[in-house]
Amino acid sequence: MTSRAAQEEGVQFVEGDGQRAAVLVGIVSGHDPRGKAFEAKVVKDYGLVGPDWTCQKEIKVRDPKTGKVHRRILDAINTKTREIVEIKSNNKPEDSQKPKDLALTRNKAWQKSGYRIRFVFAEERGGNGQKLFDDMRKNLGKDSLGRERVTVHEHRSVAVEKAPAKANNSPHRYNAPLHERAPRTRR
């Protein structure tokens with residue numbers, strides 16, 4: 001799809017300070033340290049690196065239902081494989097992003113584009129956001145192989161908890177482990 005055709009359909013890609021995923025280890029996104037760390041982990045674990053991946057890509061999309069133009073920053077997008085990855089460090093989609101995501105899936109240009117959207121959550125979702133995902137799946141439909149174009153994954157990680165810096169067992173203070181060694185024998 002040409003840029004002009006995309007604009008006529010209400011989609012406009014905004015080149016800006018989109019970062020390559022390979023540089024994402026320095027993370028410029030996220031609202032808190034946990035979100036930044038989880039995003040870096042997902043980028044590394046899922047292999048969202050290379051010249052085809054762009055992180056923090058800003059797009060504008062017009063909602064055909066309301067006529068409103070939404071600005072949405074995508075966590076990671078691959079224009080070659082037509083894949084979008086949205087990374088959430090909690091167990092639910094953000095309320096401020098829901099209308100933007102629905103507008104994206106309602107837009108005819110995005111429906112024809114063949115893009116797949118994958119949501120990756122750090123925690124077990126339960127039923128959080130299920131109506132949103134059902135609506136998005138209904139709007140986008142399935143790909144040519146019959147697969148859902150909107151998928152949801154949980155990417156659990158084993159967190160290493162650290163004590164606050166001023167605590168007795170902080171990482172800045174050495175606490176030797178208590179090990180009982182077998183006595184050394186001389187030969």
The criterion is salt bridge (charged side-chain N to carboxylate O under 4.0 Å, His left out); which residues satisfy it with [X], sequence neighbours excluded?
X      : answer
Arg106 : Asp63
Glu148 : Lys142
Lys68  : none

Discussion item. Once side-chain hydrogen bond (donor to acceptor under 3.5 Å, both in side chains) is applied, do any residues pair with Lys98, and if so which ones, sequence neighbours excluded?
Written reply: Asp95
Worksheet item: Got a sec, which residues hit side-chain contact (heavy atoms from CB on, under 4.5 Å) with Lys80, two or more places apart in sequence or on another chain?
Response: Asp52, Asn78
Fill in: Test item: side-chain donor near acceptor, Lys88 and Gln97, under 3.5 Å
yes
Worksheet item: Can you find a side-chain donor-acceptor pair between Gln130 and Asp134 that sits under 3.5 Å?
Response: yes
Worksheet item: Is there a donor-acceptor pair closer than 3.5 Å between any side-chain N or O of Glu86 and the backbone N or O of Ile117?
Response: no
Closer than 4.0 angstrom, basic N to acidic O: yes or no for [X] and [Y]?
X      : Y      : result
Asp143 : Arg116 : no
Arg72  : Glu58  : no
Asp135 : Lys138 : no

Taking the side chain as everything from C-beta on, heavy atoms only, tell me whether [X] gets closer than 4.5 Å to [Y].
X      : Y      : result
Val61  : Trp110 : yes
His155 : Lys41  : yes
Pro99  : His70  : yes
Gln111 : Lys108 : yes
Trp53  : Thr79  : no
Phe121 : Asn128 : no

How long is the straight-line distance from [atom2] of [Y] back to [atom1] of [X], given to the nearest 0.5 Å?
X      : Y     : atom1 : atom2 : result
Arg118 : Asp75 : CZ    : CG    : 12.0 Å
Leu104 : Lys60 : CG    : NZ    : 15.5 Å
Ser89  : Glu39 : OG    : CD    : 9.0 Å
Phe38  : Ile87 : CZ    : CD1   : 7.0 Å

Fill in: salt bridge (Lys or Arg N to Asp or Glu O under 4.0 Å) contacts touching residues 121-130 (sequence neighbours left out)
Arg34-Glu123
Worksheet item: What about Val42 and Val49, same hydrophobic cluster or not, with Ile/Leu/Val/Met/Phe/Trp/Tyr joined at side-chain heavy-atom distances under 4.5 Å?
Response: yes
Practice prompt. State plainly whether one hydrophobic cluster holds both Leu102 and Ile77, where clusters connect Ile, Leu, Val, Met, Phe, Trp and Tyr through side-chain heavy atoms under 4.5 angstrom apart.
Written response: yes
Worksheet item: In terms of ring plane angle, is the pair His153 and Tyr46 parallel, tilted or perpendicular, where the classes change at 30° and 60°?
Response: perpendicular
Worksheet, complete the sentence: From the list Leu140, Asp101, Leu132, Ile84, side-chain contact (heavy atoms from CB on, under 4.5 Å) partner of Val150 resolves to Leu140
